[in-house]
Q: 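What follows is a single structure, and I will ask about it in a moment.
None of these values were measured; they are calculated from a predicted model.
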Amino acid sequence: MVRRRTVWVASAVLVPWLAVSGCGDQDTPSPPTVTQQGSAAATPTTAPAPPVPTGPDGTVKNDHEPGPREVLVEVNVNGGLAGVRNQLIVHYDGGYTTRSGTEPPRTGRMTAAEVAELRAALEDPAYAKVPARPTGQPVADGFQYVFTHRYRVVVAGEGERPPALRRVFEALPDGGPPTDP
């Protein structure tokens, strides 16, 4: 009986440890890759990622004209005492969806003028200069907002709303995703 309990306890401790630490040598080199001439290369080669096109003011340049159902901006809010995880997705045609907790998604439509105002706020050179990550001290049990627009992600804390980010918030339907669970 004692032996079975020992095996059970050892298994309960070792299995999670192995899952976290991995089962093998992490320093094992990758297998060689074949080059165009057919010889084996010592290390794998990858093509560098193409640079994100930006203008002189730092804004992202994009010659692609988006379709009406493409996502203009996605805003996620997380945190708070209740552990909120809510989302707002706005499409270029003004249609939007809000997801809040376990409730069914809500949909709506912005007017053309409201969409133009939101696009202007997102494409403002001042918005391009908003820090991508929070710079201040986090607020205990505060909310964190994650904005995704084209190639750029901006994470803002509860008390961090520079004027350009406030302009985006004000242009969002209902002022952004809900903060209630």
Side-chain angles (χ1 to χ4, degrees), residues 19-20 44-181:
V20 171
T45 58
T46 58
V52 174
T54 56
D57 58 1
T59 58
V60 175
K61 291 176 69 176
N62 187 358
D63 296 333
H64 166 74
E65 185 59 35
R69 293 304 299 161
E70 287 186 52
V71 174
L72 170 62
V73 66
E74 178 179 332
V75 184
N76 292 288
V77 61
N78 303 304
L81 290 171
V84 169
R85 296 181 60 94
N86 296 337
Q87 178 184 59
L88 169 66
I89 297 175
V90 180
H91 298 273
Y92 277 89
D93 68 355
Y96 65 89
T97 303
T98 302
R99 290 181 174 83
S100 179
T102 59
E103 295 178 18
R106 289 186 314 123
T107 59
R109 180 157 304 278
M110 299 172 70
T111 66
E114 291 169 334
V115 174
E117 184 179 337
L118 178 58
R119 285 184 77 166
L122 291 166
E123 294 167 3
D124 185 346
Y127 179 72
K129 295 176 183 174
V130 172
R133 298 286 177 256
T135 56
Q137 293 292 326
V139 175
D141 296 319
F143 294 107
Q144 182 180 59
Y145 298 88
V146 180
F147 292 81
T148 305
H149 170 64
R150 292 189 180 165
Y151 301 103
R152 187 152 190 262
V153 176
V154 172
V155 179
E158 179 77 22
E160 299 177 322
R161 291 195 186 176
L165 191 55
R166 279 196 307 268
R167 183 176 173 205
V168 172
F169 266 104
E170 291 167 0
L172 290 169
D174 301 323
T179 53
D180 53 318

Q: Measure the spacing between OG1 of Thr102 and CZ of Arg85 and express it to the nearest 0.5 Å.
A: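 Between Thr102 OG1 and Arg85 CZ, I get 13.5 Å after rounding to 0.5 Å.
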Q: Determine whether Phe147 and Leu165 make a side-chain contact, defined as any pair of heavy atoms from C-beta on separated by less than 4.5 Å.
A: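 Of all side-chain heavy-atom pairs linking Leu165 with Phe147, at least one is under 4.5 Å.
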Q: Do Asp174 and Tyr96 have side chains that get closer than 4.5 Å, going by heavy atoms?
A: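 Yes - at least one pair of side-chain heavy atoms lies under 4.5 Å apart.
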Q: Taking CZ in Arg106 as the centre, count heavy atoms belonging to other residues, nucleotides or ligands within less than 6.0 Å. Is the count above 12?
A: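 No.
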Q: If you take all heavy atoms of Arg152 and Lys129, which pair is closest and at what distance?
A: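 Heavy atoms only, the tightest pair is NH2-C, 4.4 Å.
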Q: Drop me the distance from Arg119's CZ to Tyr92's OH, to the nearest 0.5 angstrom.
A: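 The OH atom of Tyr92 is 5.5 Å from CZ of Arg119, to the nearest 0.5 Å.
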Q: Would Val146 and Glu74 satisfy side-chain contact (heavy atoms from CB on, under 4.5 Å), going step by step from the backbone distance to the final call?
A: CA-CA 8 Å; Val146 180; Glu74 178 179 332; over 6 Å; no
Q: Rounded to the nearest 0.5 Å, what's the gap from CG on Asn76 to CZ on Phe143? Could you check?
A: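 Reported value, rounded in 0.5 Å steps: 13.5 Å.
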Q: Say you draw a straight line from CD1 of Ile89 to CG of Leu72; how long is it, rounded to the nearest 0.5 Å?
A: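 Going from the CD1 atom of Ile89 to the CG atom of Leu72 covers 11.5 Å.
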Q: Among Leu122, Asp124, Val130, exactly one meets side-chain contact (heavy atoms from CB on, under 4.5 Å) together with Val168. Which residue is that?
A: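 Of Leu122, Asp124, Val130, side-chain contact (heavy atoms from CB on, under 4.5 Å) with Val168 is met by Leu122 alone.
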Q: What heavy-atom pair brings Asn86 and Pro178 nearest, and what distance separates the two atoms?
A: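 Where Asn86 meets Pro178 most closely, the heavy atoms are ND2-O, 2.8 Å.
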Q: If I compare all heavy atoms of Pro177 with all of Gln87, which pair ends up nearest, and what's the gap?
A: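 The answer is CB-C, 4.0 Å.
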Q: Under a 4.0 Å N-O cut-off, is there an ion pair linking Glu170 with Arg161?
A: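 Salt bridge flag = no for Arg161 with Glu170.
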Q: Any idea which heavy atoms bring Met110 and Pro173 closest together, and the distance?
A: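 Met110 and Pro173 have their closest heavy atoms at SD-CG, 3.6 Å.
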Q: Which heavy atom in Val155 sits nearest to a heavy atom in Gln144, and how many Å separate them?
A: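 That would be CG1-NE2, 3.3 Å.
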Q: Just checking Arg167: does its CZ atom have more than 12 heavy atoms from other residues, nucleotides or ligands closer to it than 6.0 angstrom?
A: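 Result for CZ/Arg167: enclosed.
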Q: Specify the closest pair of heavy atoms between His91 and Arg69, including all atoms of both residues, with the distance to one decimal.
A: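 The answer is ND1-O, 2.7 Å.
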